[in-house]
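Just the heavy atoms: all of them, side chains too, but no hydrogens, waters or symmetry mates, feed the values below. Whatever order the structure lists them in is the order used to number ligands and atoms, beginning at 1. Position 1 is the first residue of the sequence; numbering continues from there.
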Amino acid sequence: MPQVTITIPATSANLGPGFDCLGVALGLYNQVTFTAVSQPSLTIAVTGLDAAKVPTDETNLVYQSACHMFDRLGKRPSGLHIQQKNNIPVGSGLGSSSTAVLAGLLGANALMDGHFSQADILAIAAAEEGHPDNVAPALLGGLVLGVMQGEQVHIEQLPIAQQQVVIVTPDFQLLTKDARAALPNQVSRQDAIFNASRLPLLIHALETAAYPKLTLAMQDKLHQPYRLPLIPGMAEAFDAAYTAGAAGVALSGAGPSLIAFAPDCHAEIVAAVTAVFHKKNLASRSWILPIDMAGSQINKLASQGTI
Ligand code: HSE
């Protein structure tokens with residue numbers, strides 16, 4: 001039976017001033033295997049991190065996204081088995097929902113020998129998410145700038161020096177829709193200039209691993225000032241990360257994860273940030289991760305039977 005396995009990296013969107021347009025892929029992966037079966041049926045099995053939080057019925061996001069692609073293709077297998085192996089925490093600001101959306105689109109397209117290109121899939125996924133800053137790096141790897149023009153998305157893959165980054169995820173639920181609802185609809189010219197001036201500096205500093213410039217470059221006035229107070233200990237966690245040796249610290253996506261860039265002292269930064277959340281009675285998970293440069297990978301096994 002035809003089988004397709006999709007491997008998709010975690011992503012960290014925004015990186016401070018790049019709100020809704022900049023994201024980076026990280027070396028932490030979810031894997032989804034789609035098997036077409038001859039009997040009309042749907043089975044979904046989920047293992048790994050936060051598996052209990054992922055529905056295994058028709059509301060499953062991977063399945064819904066695959067159906068979206070089957071509808072566009074005008075064909076689908078008689079029955080489908082989906083196996084998800086998750087390493088990316090759910091609802092953490094590390095792009096887990098983007099991995100589900102992309103896995104569904106890429107998996108269904110590959111399973112049915114569909115005609116959709118990588119660019120098509122990126123446009124569909126960005127429209128589904130409403131912004132391209134997770135799906136673009138998850139699909140392409142590395143550091144990616146996404147520029148929306150109506151429904152069209154212009155993507156620019158930017159050079160980034162390979163390096164280790166710190167991720168700390170407090171055990172605190174902050175829904176993206178709530179984190180977005182906390183933002184003002186309008187910002188001052190001063191705040192717009194604040195971010196506009198830092199974004200090119202950030203891109204330059206990430207390309208050249210110019211750590212001393214990152215502290216200034218990762219500052220933001222468009223979303224973090226409104227979101228940090230929603231997460232217990234997050235403002236203190238930023239300070240603790242800097243004190244422990246971080247060069248640049250940001251809220252990862254809409255939170256609640258923190259991302260820190262540093263030339264060294266990664267373990268010390270993890271310990272300092274974890275201690276802050278612990279004082280707020282929050283457990284946390286942490287990772288020291290490389291940048292993923294490859295993006296989503298598709299492996300298709302040749303058909304060994306009839307659908
Ligand atoms: N750019 C998005 C935000 C990422 O910050 O709301 C989360 O989906």
Side-chain angles (χ1 to χ4, degrees), residues 8-26 28 30 50 53 61-62 64-65 88-105 122-140 143-149 151 153-156 158 165 167-170 172-187 191-192 194-196 198-199 202-203 206 218-231 234-235 238 248-260 292 296:
I8 307 182
T11 45
S12 182
N14 303 328
L15 300 175
F19 179 61
D20 272 2
C21 62
L22 188 69
V24 70
L26 304 172
L28 181 71
N30 281 352
D50 289 341
K53 293 184 182 172
L61 187 54
V62 172
Q64 290 191 339
S65 180
I88 304 170
V90 170
S92 60
L94 294 173
S96 72
S97 67
S98 295
T99 69
V101 168
L102 282 174
L105 296 173
L122 181 57
I124 299 168
E128 220 158 284
E129 289 256 298
H131 39 84
D133 48 346
N134 287 110
V135 289
L139 187 62
L140 303 172
L143 181 68
V144 184
L145 182 71
V147 181
M148 298 298 293
Q149 170 84 337
E151 299 220 329
V153 53
H154 172 81
I155 290 303
E156 205 60 44
L158 303 167
V165 303
I167 298 285
V168 182
T169 307
F172 179 78
Q173 181 169 314
L174 178 61
L175 298 176
T176 298
K177 76 171 171 44
D178 295 336
R180 291 186 83 81
L183 308 182
N185 287 327
Q186 297 197 318
V187 298
D191 287 356
F194 186 97
N195 273 48
R198 280 159 180 76
L199 185 54
L202 173 64
I203 289 168
L206 290 175
M218 289 191 89
Q219 294 172 340
D220 155 69
K221 293 257 185 176
L222 297 187
H223 70 112
Q224 293 183 166
Y226 308 99
R227 289 173 162 175
L228 261 54
L230 305 178
I231 306 167
M234 187 52 89
F238 270 47
V249 183
L251 195 60
S252 184
S257 295
L258 169 154
I259 183 167
D292 168 89
S296 298

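Panel note: side chain Asn14, backbone Gly253; a donor-acceptor pair is recorded below 3.5 Å.
Shown in contact with Asp133 at under 4.0 Å from a heavy atom are these atoms of ligand 1, numbered in order with element: 1 (N), 2 (C). Residue-ligand proximity, Asn14 to ligand 1, at heavy-atom distances under 4.0 Å covers atoms 1 (N), 3 (C), 5 (O).
For the atom pair Asp220 CG and Leu199 CG, the distance stands at 10.5 Å (nearest 0.5 Å). For the atom pair Asn195 CG and Gln224 CD, the distance stands at 9.0 Å (nearest 0.5 Å). Rounded to the nearest 0.5 angstrom, Leu15 CG and Leu206 CG are separated by 6.5 Å.
For Arg227, the closest heavy-atom approach to ligand 1 falls below 4.0 Å.
Distance from atom 2 (C) of ligand 1 to its nearest protein heavy atom, with residue and atom name: Asp20 OD1, 3.2 Å. Atom 3 (C) of ligand 1 has as its closest protein heavy atom Arg180 NH1, 3.1 Å. The single protein non-hydrogen atom nearest to atom 8 (O) of ligand 1 is His131 CE1, 3.0 Å, given as residue, atom name and distance.
Using a cut-off of 4.0 Å between Lys/Arg side-chain N and Asp/Glu carboxylate O, Arg180 and Asp20 are scored as salt-bridged.
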